[in-house]
There are 2 protein chains.
Amino acid sequence: MPRATINDIARQAGVSPTAVSFAFNSPARLSTTTVERILAVARDMGYMPNPLSRGLVAGHVGVLGLIVPQALREIFANPFFATLQQGIGSVCDEHNLGLLTLSPQNNSLELAIARAPVDGFIIVGLNEQHHEVLPLRKRGIPFVIVDGDAEIAQSVNSADEESAYAAAAHLLEQGHREVLILAFDMPHRHLDNIFYGVGARRTWGYQRAFANYGVEWRDSWFLPTQGSVEGGAQRFAQALDEGYRPTAILTASDLIALGVLRAARQRGIQIPNDLEVIGYDDIPVAELVSPALSTVRQPIMEKGRIAGELLVAALSGDTGAERVVLAAELILRETTR
Amino acid sequence: MPRATINDIARQAGVSPTAVSFAFNSPARLSTTTVERILAVARDMGYMPNPLSRGLVAGHVGVLGLIVPQALREIFANPFFATLQQGIGSVCDEHNLGLLTLSPQNNSLELAIARAPVDGFIIVGLNEQHHEVLPLRKRGIPFVIVDGDAEIAQSVNSADEESAYAAAAHLLEQGHREVLILAFDMPHRHLDNIFYGVGARRTWGYQRAFANYGVEWRDSWFLPTQGSVEGGAQRFAQALDEGYRPTAILTASDLIALGVLRAARQRGIQIPNDLEVIGYDDIPVAELVSPALSTVRQPIMEKGRIAGELLVAALSGDTGAERVVLAAELILRETTR
DNA sequence: GTGAAAGCGCTAACAG
DNA sequence: CTGTTAGCGCTTTCAC
């Protein structure tokens with residue numbers, strides 16, 4: 001049976017559809033008895049106003065969209081996103097909003113964006129100029145970029161270049177010269193931003209450190225790695241098999257670093273004695289594992305909270321174009337000496 | 001500036017709105033040149049069909065709703081939900097759906113449900129008869145219950161009674177008689193199901209074990225606890241302050257158990273020598289912490305996947321009423337002797 | 001190959 | 001205090 005509509009209720013209660021609408025939205029405008037009668041009928045017939053129709057008329061639906069160029073399955077497996085979502089979620093909680101998490105549909109983020117019943121977007125890991133993001137700019141929908149470059153839109157980033165520099169500098173300072181870098185791996189379909197954004201900024205930081213310490217930069221020691229524990233473990237094992245003999249490793253995320261730790265253990269490599277490892281993010285498990293992971297801490301939750309707040313502000317017409325950059329700091333634990 | 005509508009595009013391209021619609025949805029019905037012209041204009045003006053209007057007409061929006069009676073902030077901080085969402089997410093990935101996570105709005109889940117632009121719901125931790133869920137049954141919207149009782153709706157649960165029995169029995173078998181239970185704490189507004197659902201089933205399991213081993217059941221040793229590390233730590237510390245001297249503890253979740261571990265360490269209590277602890281869930285960190293947590297493993301991801309699949313099936317008219325119960329098993333690690 | 005018109009379910013002027 | 005009416009933006013028969 002099809003859902004009851006406002007007209008069904010109106011007919012059943014012997015009133016006009018308007019009256020039913022009022023009963024739900026501005027009960028004060030109806031007599032108490034009418035409201036009660038209408039609500040009773042509605043409850044009886046299991047009626048609820050259709051959120052789509054309502055949203056269509058109202059011009060908003062009370063949902064924020066979170067867009068990430070990865071499968072949902074991967075997003076929810078990643079503590080970085082869990083923490084980011086906590087930040088965004090805290091804003092949603094305050095404003096009675098829902099959070100819709102979206103990933104590419106049929107390999108197209110643009111498609112996912114086009115179909116999303118939301119009031120605005122938070123986009124992670126893509127630049128404003130990205131071809132799948134561009135349409136949003138022309139369309140009037142508010143969005144904020146997290147971990148990506150933006151010149152017009154609002155954005156929230158952390159100090160990637162500086163913190164990457166600090167991590168690399170620390171290792172070089174200790175005398176390391178065989179430093180392997182397990183960097184982010186961008187899927188081909190998103191390749192147009194490989195030279196920008198978070199990955200690029202961190203790379204610049206690494207390169208600046210190498211230059212500063214007079215150490216030769218070798219592209220062959222810069223390996224794109226899938227951003228998971230599994231990915232880190234595999235990439236590191238493969239590197240060993242290929243003959244790499246690093247004395248230190250920098251990774252694009254803690255998840256990757258955790259994979260390195262695991263693979264190292266399996267191969268009998270002592271950490272930090274044989275190999276020093278520095279991760280990135282400082283996700284909660286970083287300090288729980290043993291040895292505890294040295295890493296770069298970025299304020300992920302804060303990132304989410306700020307992104308959420310900027311978006312909510314934009315939704316209510318506040319059209320500033322803030323570009324927030326949060327500080328990040330090197331945390332030395334037990335995977336460095 | 002307001003967003004461009006289908007009419008704007010039609011006017012600009014010198015065609016009817018119908019033609020524009022066709023250009024997007026059934027390009028075959030238009031001449032190639034017309035389609036191109038329309039699409040060009042659309043791209044130019046940054047036009048995208050409004051998902052709400054489209055959903056209103058089509059009768060679906062491509063979004064699954066996940067309803068949990070907790071704040072979003074808490075949901076995303078909880079590895080149980082992260083894993084559950086991985087399961088649901090894998091189904092969404094396959095079917096090109098988005099996942100909308102919702103929590104109570106103005107303290108009302110019903111309100112959140114009413115406003116959600118989704119095709120169906122997955123409801124966690126509430127029974128079918130719950131007053132905030134009941135309206136869904138009358139309304140024609142498909143939903144599946146996870147971790148809750150259902151007689152009419154579909155549901156996915158794990159073997160709570162049996163696994164709780166196993167955990168308690170293990171401790172009693174070892175000779176423990178001072179067993180503290182840190183159970184789920186249900187917010188007042190959801191009190192109407194405190195005697196049902198997951199919490200109740202586990203309690204029955206505990207009680208059956210106590211009876212079986214001839215150990216007296218004391219309600220005062222059954223303490224509702226907020227389901228977080230913090231909650232577990234506080235509740236345990238408080239219990240100690242109140243004079244409880246347990247030799248073993250059963251907790252409703254690993255998060256709570258982690259809190260117990262932390263508080264125990266602060267007070268110099270040796271685990272497992274002074275105190276044995278068994279958690280519940282087997283979230284990923286459970287085996288990473290030290291000492292590694294003994295716990296009851298339930299297949300959380302599988303739970304999510306099955307719930308997602310049941311819902312997707314229901315969406316396409318498959319109106320079975322499955323009640324799935326997954327196995328759970330006791331995993332003994334280092335917090336038990 | 002293209003357009004007119006009706007309607008999805010709801011809200012909000014505007015009358016009465 | 002209540003109802004009439006006109007859309008919100010889109011899709012979709014059904015004609016032309």
Side-chain angles (χ1 to χ4, degrees), chain A residues 1-39 41-42 45-62 111 114-119 139-141, chain B residues 1-39 41-42 45-62 111 114-119 135 138-141:
Chain A
M1 61 200 159
R3 273 154 67 178
T5 76
I6 200 172
N7 290 302
D8 300 329
I9 307 306
R11 204 172 311 121
Q12 192 72 21
V15 295
S16 78
T18 312
V20 178
S21 178
F22 282 161
F24 276 87
N25 304 311
S26 11
R29 299 187 51 174
L30 259 40
S31 74
T32 328
T33 67
T34 322
V35 171
E36 274 173 12
R37 182 159 41 96
I38 294 176
L39 256 29
V41 172
M45 304 184 61
Y47 168 77
M48 280 174 164
N50 181 325
L52 263 51
S53 322
R54 193 180 251 197
L56 183 56
V57 172
H60 61 262
V61 284
L111 197 59
R115 292 186 182 164
V118 303
D119 299 326
R139 207 169 151 209
I141 302 201
Chain B
M1 64 205 154
R3 275 154 67 176
T5 76
I6 199 171
N7 290 301
D8 300 328
I9 307 306
R11 205 173 309 122
Q12 192 71 21
V15 295
S16 77
T18 312
V20 178
S21 177
F22 283 162
F24 277 86
N25 304 309
S26 11
R29 300 187 53 174
L30 258 39
S31 73
T32 327
T33 66
T34 321
V35 170
E36 274 172 12
R37 182 160 40 95
I38 294 176
L39 257 30
V41 172
M45 305 185 59
Y47 169 77
M48 281 173 161
N50 180 325
L52 264 55
S53 322
R54 193 180 252 198
L56 182 58
V57 172
H60 61 263
V61 283
L111 198 58
R115 292 186 181 163
V118 303
D119 299 327
K138 300 205 123 184
R139 205 169 153 211
I141 303 201

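So that the names make sense, note that chain A is the first sequence line, chain B the second, and so on, each numbered from 1.
A distance-only check finds a donor-acceptor pair linking the side chain of Thr5(B) to the backbone of Asn7(B) [under 3.5 Å].
Judged as a side-chain contact (heavy atoms from CB on, under 4.5 Å), and not counting sequence neighbours, the contacts of Thr33(A) are Ser31(A). Annotation: side-chain hydrogen bond (donor to acceptor under 3.5 Å, both in side chains) contacts of Arg115(A) (sequence neighbours excluded): Gln105(A).
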Nucleotides 9-16 of chain C: protein proximity per nucleotide (B base, S sugar-phosphate only, - neither; heavy atom, under 4.0 Å): BBBBBB--

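Here the straight-line distance linking atom CG of Leu111(A) with atom CE of Met48(B) works out to 9.0 Å at 0.5 Å rounding. The distance from the CZ atom of Phe22(A) to the CD1 atom of Ile38(A) is 10.5 Å, given to the nearest 0.5 Å. The structure places CG of Leu52(B) at 4.5 Å from CG of Leu52(A), a figure rounded to the nearest 0.5 Å. Separating the CG atom in Asp8(A) from the CE atom in Met45(A) is a distance of 5.0 Å, to the nearest 0.5 Å.
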Going by atom type alone, with no hydrogens or angles, which donor-acceptor pairs under 3.5 Å involve a side-chain atom of residues 13-21 of chain B and a protein atom two or more places apart or on another chain?
residue: Ser16(B); atom: OG; partner: Thr18(B); partner atom: N; Å: 3.3
residue: Ser16(B); atom: OG; partner: Ala19(B); partner atom: N; Å: 3.3
residue: Ser21(B); atom: OG; partner: Asn25(B); partner atom: ND2; Å: 3.3

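Axis orientation changes by 40° from one end of the helix from dG1(C)-dC16(D) to dG16(C)-dC1(D) to the other, with each end axis drawn from 5 pairs and the value rounded to 10°.
Across every non-hydrogen atom of Ala114(A) and Pro51(B), the tightest pair is O-CG, 3.2 Å.
Scanning DNA chain D 5' to 3' for nucleotides with an atom closer than 4.0 angstrom to a non-hydrogen atom of chain B gives a first and last hit of dG9(D) to dC14(D).
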Stepwise side chain to side chain contact (heavy atoms under 4.5 Å, CB included) test for Phe24(A) and Ile6(A): CA-CA 11 Å; Phe24(A) 276 87; Ile6(A) 200 172; over 6 Å; no

